[in-house]
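Note sheet for the following structure.
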Amino acid sequence: MSGGAESSGDSLMVSREASRQRRRRERAAAVERFVGVPLADVVRENALVHLPPAAAARLRVVHPSWASHMSSPIFAVAHAAAPRRVSGVFVPLAGFLPFDGDDDAVPSPSLSFVPASSELVVLSSSRGVACCFSPADDAYAVCNPATASWTAVPPPPCRSWPRPAIVVLFDTSAYNFRGDFTLVCPFESEPGSSGAYCFQVFTSGTGAWCVTDAMAPAEGLVAASGVAAGATAWWRTSIGTAVGYTPVTGRVDLVTCPGDSDQWEIGSAAGMLHCAVIDGGDAVVFRLHDHGIWEVTTRLAVAEILQPSQPPPARAMTSTEIVASQQPAPAHEHDESGAEEEEEGSRAVVAAANAPLRLDDGVRLLGFQGAEVEVVVLAGRRLVAFDARTRRRREVAVPDEVDATWDGAEHAAHINTLALIAPAALAAEPPLAEQAG
């Protein structure tokens with residue numbers, strides 16, 4: 001009796017499962033039959049937002065509806081918020097160096113659309129929005145290099161470096177149709193004596209800088225290391241710490257660099273602060289959690305990151321060369337020593353092309369940002385971005401116009417988006433004492 005009952009129960013369960021699957025298939029067929037969305041509309045609504053701006057611009061001519069869709073503020077907001085990888089790096093003299101060629105290119109690598117009487121220095125970038133500075137004019141601007149839109153901003157009232165340590169924070173919420181942004185700039189509490197830093201904040205909505213009451217006990221803040229991680233601006237210091245400030249809450253964070261290395265750099269991935277450290281022959285990436293706790297996310301061999309591309313394939317021989325190679329060489333033309341030397345020379349060239357660079361060849365970690373961890377490394381005249389998850393390598397050569405002494409200290413990682421730039425309603429600057437009070 002018990003065996004029959006179990007068999008009957010099993011049959012009932014199988015019958016019910018079959019019935020559920022049939023109903024699912026019927027519902028799916030009904031949706032497909034009555035909705036009938038054309039594939040072009042599916043691509044327009046779901047795929048275009050993930051393309052780089054340059055690639056998306058080329059697709060505007062596909063259909064008027066695509067051009068209209070990509071011209072709307074809603075699309076620009078969604079494009080800025082979509083997860084992306086780093087597009088390239090701004091470097092002195094050369095401007096923007098894209099990792100993926102034309103797809104990551106910008107209209108003007110030197111940002112010539114921003115009026116300035118000297119070369120612009122990109123101080124920081126977040127979600128496609130960059131803050132740049134003209135040393136000769138002491139002028140500042142916030143721009144989108146991919147769309148060539150920009151707005152002027154006033155200089156910060158307090159400054160301690162020739163190169164301001166400004167970090168731009170961009171709001172990627174679904175309602176930021178103006179393209180509002182925030183700038184955060186630290187400064188020494190007492191000029192010339194490092195030991196504590198205060199913070200000043202500029203918002204596009206108010207059009208003015210405000211000196212906050214926050215203070216961070218730190219030394220040796222590196223001005224060019226600034227990066228945005230979520231709603232917090234971060235900088236590393238020369239003594240192995242990182243300083244963070246969140247304008248919305250006024251919170252100050254101070255964390256110690258994980259590990260024990262002179263080579264380390266901070267970056268942002270998925271809106272969280274990360275730190276890349278050289279440990280022996282490896283690059284170790286940590287992620288910062290609450291309460292200042294670091295977690296190892298990945299360990300990458302530097303040799304793997306810098307592994308050069310395979311040498312180009314050998315040229316195919318012509319039919320005449322094939323026939324000639326099959327004929328025995330005349331005795332008076334046969335020279336074994338010469339053939340051996342040529343073969344050894346070929347092996348040496350191939351071996352040199354495939355030899356990975358060592359740490360003592362001048363390898364330096366650079367700041368990074370993106371949806372995933374992608375370590376950026378400068379090795380000689382190569383800029384390499386290496387995806388820790390996919391193991392994909394992208395690289396761009398540093399052009400000759402960049403000084404040979406450039407060591408990567410001055411740079412700004414950048415992600416191309418179609419983010420809008422809010423015009424800053426510049427307000428009259430109140431006295432400094434009134435700002436501080």
Side-chain angles (χ1 to χ4, degrees), residues 52 83-91 97-101 103-104 225 227 229 236 240 242 257-270 272-288 294-314 346-399 402 404 406-409 411-415:
R84 301 185 185 282
R85 61 188 179 187
V86 64
S87 301
V89 180
F90 281 97
V91 303
L97 301 181
F99 282 120
D100 279 334
D103 283 344
D104 278 334
S225 66
V227 64
R236 68 177 178 87
C257 167
D260 183 15
S261 174
D262 293 334
Q263 290 202 56
W264 67 290
E265 191 59 76
I266 58 174
S268 173
M272 300 180 67
L273 183 70
H274 285 64
C275 176
V277 179
I278 293 294
D279 180 19
D282 296 338
V284 186
V285 182
F286 299 82
R287 176 172 56 232
L288 182 65
W294 292 99
E295 174 195 12
V296 176
T297 62
T298 186
R299 176 182 286 268
L300 305 168
V302 175
E304 181 185 4
I305 296 175
L306 299 179
Q307 180 182 358
S309 304
Q310 294 296 325
S346 299
R347 285 199 298 265
V349 171
V350 173
N354 287 313
L357 291 176
R358 303 182 304 274
L359 292 180
D360 55 7
D361 289 326
V363 175
R364 180 189 177 100
L365 293 168
L366 272 63
F368 55 96
Q369 58 176 284
E372 303 284 347
V373 174
E374 194 169 16
V375 179
V376 180
V377 174
L378 172 67
R381 307 298 285 181
R382 297 171 60 197
L383 269 173
V384 181
F386 189 82
D387 192 307
R389 182 177 61 86
T390 64
R391 276 347 198 230
R392 183 190 176 192
R393 181 187 305 101
R394 300 180 296 148
E395 68 176 272
V396 60
V398 179
V402 178
W406 178 67
D407 61 357
H411 73 279
H414 176 74
I415 299 174

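The residues of the chain are indexed from 1 along the displayed sequence.
At a threshold of 4.5 Å between non-hydrogen side-chain atoms, the residues V86 and F368 do not count as touching. Annotation: side chain of I305 is not in contact with side chain of V363 (no heavy-atom distance under 4.5 Å). The shortest side-chain heavy-atom distance between P258 and V296 does not fall under the 4.5 Å cut-off. By the 4.5 Å heavy-atom criterion applied to side chains, R381 and V402 are counted as neighbours. In this structure, L365 and V377 have side chains that are in contact, with non-hydrogen atoms separated by less than 4.5 Å.
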Note to self: Please determine whether side chain to side chain contact (heavy atoms under 4.5 Å, CB included) holds for the pair L378 and V89, giving the CA-CA distance in whole Å, both sets of side-chain angles, and the decisive distance to 0.1 Å.
What the structure shows: CA-CA 11 Å; L378 172 67; V89 180; over 6 Å; no
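Under the 3.5 Å distance criterion, the side-chain polar atoms of H414 are left unmatched by any main-chain donor or acceptor of S87. Checked by atom type and distance alone, the side chain of R84 never pairs as donor or acceptor with a backbone atom of A371 at under 3.5 Å. R287 contributes no side-chain N or O that, together with a main-chain N or O of L273, makes up a donor-acceptor pair within less than 3.5 Å. A donor-acceptor pair under 3.5 Å links the side-chain atoms of Q369 to the main chain of A413, judged by distance alone. A donor-acceptor distance shorter than 3.5 angstrom exists from the side chain of T297 to the backbone of V285, with no hydrogens or angles considered.
Evaluation of the salt bridge (Lys or Arg N to Asp or Glu O under 4.0 Å) test over residues 367-377, restricted to residues two or more places apart or in two chains, returns E374-R394.
Considering all non-hydrogen atoms of both residues, H411 and G367 come closest at NE2-N, 2.9 Å. Nearest heavy-atom pair, V302 versus A283, reported as atom, atom and distance to 0.1 Å: CG2-N, 4.0 Å. Scanning both residues, C275 and V277, for their nearest heavy atoms gives SG-CG2, 3.7 Å. A pairwise comparison of heavy atoms in R393 and R382 identifies CD-NH2, 4.4 Å as the closest pair. Shortest non-hydrogen contact noted between G370 and I415 is CA-CD1, 3.7 Å. When all heavy atoms are compared, the tightest approach of S225 to R236 is OG-N, 3.0 Å.
Rounded to the nearest 0.5 Å, atoms CZ (F286) and CE (M272) are 14.5 Å apart. With rounding to the nearest 0.5 angstrom, the CG atom of L306 is 8.5 Å from the CD atom of E395. Here the straight-line distance linking atom CG of L97 with atom CG of D104 works out to 11.5 Å at 0.5 Å rounding. With rounding to the nearest 0.5 Å, the separation of CG in D279 from CG in L300 is 12.0 Å. Summarising the geometry, atom CZ belonging to R85 is positioned 10.5 Å from atom CZ belonging to R389; distances are rounded to the nearest 0.5 Å. In this structure, CZ in F386 is found 4.0 Å from CD in E304, a value given to the nearest 0.5 Å.
Contact check on D387 versus R392 returns no salt bridge, with no Lys/Arg side-chain nitrogen under 4.0 Å from an Asp/Glu carboxylate oxygen.
With sequence neighbours excluded, no residue forms a side-chain hydrogen bond (donor to acceptor under 3.5 Å, both in side chains) with D407.
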